[in-house]
Protein chains: 2
Amino acid sequence: MKIKDIAEAAGVSTATVSRVLNGKQHVRPEVQKKVLEIVKQMNYSPNRAAQSLRSRQSSMIGLVVADIQNPFFASVCRAVEDVSQAHNYSIILCNTDENPEKEQMYLELLQNENAAGIILSPTKRLAKHFPQELANQTPMVLIDRKVEGVDVDSVLIDNFSAAKTLTTHLLGNGLKRIAGLFGSPSITGEERLLGYQAAFQESGIKIDPDLIIELPAKMENAHEAVTKLLESESPPEAIMTSSGLLANGAFRAIRDKEIEIPGTLAFATFDESPWTSMTRPAITVIEQPTYDIGMTAGEMLIKRIREQSRPTRQVVLSSRLIIRQSCGSSQ
Amino acid sequence: MKIKDIAEAAGVSTATVSRVLNGKQHVRPEVQKKVLEIVKQMNYSPNRAAQSLRSRQSSMIGLVVADIQNPFFASVCRAVEDVSQAHNYSIILCNTDENPEKEQMYLELLQNENAAGIILSPTKRLAKHFPQELANQTPMVLIDRKVEGVDVDSVLIDNFSAAKTLTTHLLGNGLKRIAGLFGSPSITGEERLLGYQAAFQESGIKIDPDLIIELPAKMENAHEAVTKLLESESPPEAIMTSSGLLANGAFRAIRDKEIEIPGTLAFATFDESPWTSMTRPAITVIEQPTYDIGMTAGEMLIKRIREQSRPTRQVVLSSRLIIRQSCGSSQ
DNA sequence: AATTAAATTGTAACCGATTACAACAAAAAA
DNA sequence: TTTTTTGTTGTAATCGGTTACAATTTAATT
């Protein structure tokens, strides 16, 4: 079923059919009606590959994230999909696992695919060697990670401030030996570490460097690290983690050791998850506007696709500290 | 940068370049080497739209699920992506929300896109009116839901037995008034309901029809339904839910009312989630082999893409009852 | 050495849409 | 009525690959 078949059935040329289908220029209403009828009757829809080849633009949006199993990205992804769908774009999902080679591979793929646009949570390496030409050529929106000195749209939260806020909250509760688990290598993890350090700085309390742990953001890693931490000679008074996945492993390790929260150990983390409000004590968290991030990124991308030359902008959405019982503070 | 440029630079025809790139037939090793060198040097990679147009096959696999925010599907998705990537396919992600129109729209899109294959968790309507022609024409693997009397590959767990096992476990603990929350409209929910009923049947205990609740699998719905249930004149002794999302809302409602588990109310659910082992008491669940389902489906799809005519098969993976403390059983 | 078979390469058609251009018709202006 | 403008339509080129077919070279066989 191709455009030629429709053209023949309607007694017009393929050009006319194409014009009708794309709502272009001058076509007599009666011809238009006839063509549409036949299109409907024959249940025709155009071949995307042909369209894409000719117009040098596909209807695909590349969504490149670290890991779709991370609820943060799942939520972002869902939002992007909702927005895309409303504008007749589909999404190609790419997981990088923070691996620059995978990321590179996917970016090339998306170029070859003539993706209409790309939404990307860049790895640390990409942030260092940012492909500005690619961004100039293909509409792109960065999410979740700050990349300095490049001209590209982005949507993120202020990770530095959020981490500082959370740490300050812990310090404010009289906790001093606060261990921090930060995802690595990851820009997000890095920024949050800086916020953590800044909070200490400001409070005048010294950080025990042994309590700063950078590690790949996987549950098992956090479990292992926290287990070791808790078995050490001078265990911390509090633990904070920089992502939901890390929180999970960490919390499990704490539970395994049957350590009392917040009595013996306080606990707080980035990322609101289904479980953070369900444990007893419920857990103090920094909640990110995940769906909003995805939605905003999606909308910005659509706008850029429509108007390639619009000035770029950085949107910073605000996160929220939800104080619960895991840090010993009353409300 | 197109194949013609490479051909010219290498002093051969485009056909030869194409042959080299696709590892086809007869090309003199020296020519091959030369072409590959130039391809590398000029950093060429082929236009996917053109390839897809001519060969009538894209390198895209459609993954159609109910909702990527459901951790079950996120895990399946991740597995599919891993397998796809290893075979040089990418995935187009489609969320249906159990909405047949959305599903229909996406299936058409995937056809127009010449998707190499489709992995699909079908809605109830699709199961009734299964597009066998589409399945014959495009490699397809069904996941998660059983569809009767069609000739198509599928990967699932035995939902009926799993639900029966879980319900029998509750009954075995002396619980009789067991409320069940089942996702609807969804084949999975339906099958689990049947298993639930069968367990009662077998035990000779009557079901109070008021305790069977079918509802869209969203947290809020479950929260609302359970709240109402708990406020009713004759509240249940136990609640089981047929999916992780429902479990979340249900558990939250129980917590909100500060009802003691398992003393006053027992609780169990389908789907192992990060939080089910972290609450106190920890929750008894049916754990599904999520990653395995995705991986198996992915591999089956690749095989079918390679050999369109192979006989179809149904793979049933086994789920596992994890007994914890939420149902009052010692274990 | 002559014949046959196999390997290598190029030419050009093709996939299915979009669109520049030309042709023609109808309406408006002179 | 003639000329100009505007609107409608078709023809054919084009996007960038793949591949059938034919042509040519090389190797194997008789």
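Note on naming: letters A, B, ... go to the chains in the order of the sequence lines (proteins, then strands), and numbering restarts at 1 for each one.
Close to C:dT18, at under 4.0 Å from its OP1 or OP2, lies a side-chain N or O of A:S18. In terms of phosphate contacts, A:Y44 brings a side-chain nitrogen or oxygen within less than 4.0 Å of OP1 or OP2 of C:dA17. Using a 4.0 Å cut-off, no side-chain N or O of B:Q51 falls inside it from OP1 or OP2 of D:dG16. Contact annotation: A:T16 does not reach the phosphate of D:dT8 (side-chain N/O to OP1 or OP2, under 4.0 Å). Within the 4.0 Å cut-off from OP1 or OP2 of C:dC15, not a single side-chain nitrogen or oxygen of A:N47 is found.
Among the nucleotides D:dT18, D:dG10, D:dG17, the one closest to any side-chain atom of A:S13 is D:dG10. Of all nucleotides listed (D:dT9, C:dA17, D:dG17), C:dA17 comes nearest to the side chain of A:K2. Closest to the A:R56 side chain, of the nucleotides C:dA17, D:dC15, C:dT18, is D:dC15. For A:H26, taking side-chain heavy atoms from C-beta onward, the closest of the listed nucleotides D:dG10, D:dC15, D:dG7 is D:dG7.
Distance CG (A:L53) to P (D:dA13): 17 Å, rounded to an integer number of Å. When the P atom of C:dC15 is taken as reference, atom CE of A:M1 falls 15 Å away, rounded to whole Å. With rounding to whole Å, A:Q111 atom CD is found 14 Å from D:dG16 atom P. Put simply, CD on B:Q32 is 15 Å from P on C:dA7, counting in whole angstrom units. What separates CD of A:Q57 from P of C:dT19 is a distance of 12 Å, to the nearest Å. Rounded to whole angstrom, the span from the NZ atom of A:K4 across to the P atom of D:dA12 amounts to 13 Å. Regarding A:N114, its CG atom lies at a distance of 19 Å from the P atom of D:dT14, rounded to whole Å. Spacing between atom CD1 of A:I6 and atom P of C:dT18 amounts to 12 Å, rounded to whole angstrom units.
Side-chain contact annotation: B:D82 with B:Y291, donor-acceptor N/O pair under 3.5 Å present. B:S59 and B:R48 are linked by a side-chain donor-acceptor pair at a separation below 3.5 angstrom, with hydrogens and angles left out of the test. Between the side chains of A:Q104 and A:E108, a donor-acceptor pair is found at a separation under 3.5 Å.
Position along DNA chain D of the nearest nucleotide to B:A50 versus B:A15 favours B:A50 as the more 5'-ward residue. For the pair A:P29 and A:T14, both in contact range of DNA chain D, the more 5′-proximal nearest nucleotide belongs to A:P29. Between B:G11 and B:R54, the residue anchored nearer the 5' end of DNA chain C, judged by the nucleotide with its closest heavy atom, is B:G11.
Here the closest heavy-atom approach between residue A:T290 and residue A:S75 is recorded as OG1-OG, 2.8 Å.
At a cut-off of 3.5 angstrom, counting only N and O atoms as typed in the model, there is a donor on one side and an acceptor on the other between the side-chain of B:R19 and the base of C:dG10. Applying the 3.5 Å distance criterion, the base of C:dT8 shares no donor-acceptor pair with the side chain of B:R28.
A side-chain contact (heavy atoms from CB on, under 4.5 Å) with B:I118 is found for exactly one of B:I92, B:V64, B:L63, namely B:V64.
More than 12 heavy atoms of other residues, nucleotides or ligands sit less than 6.0 Å from atom CZ of B:R310.
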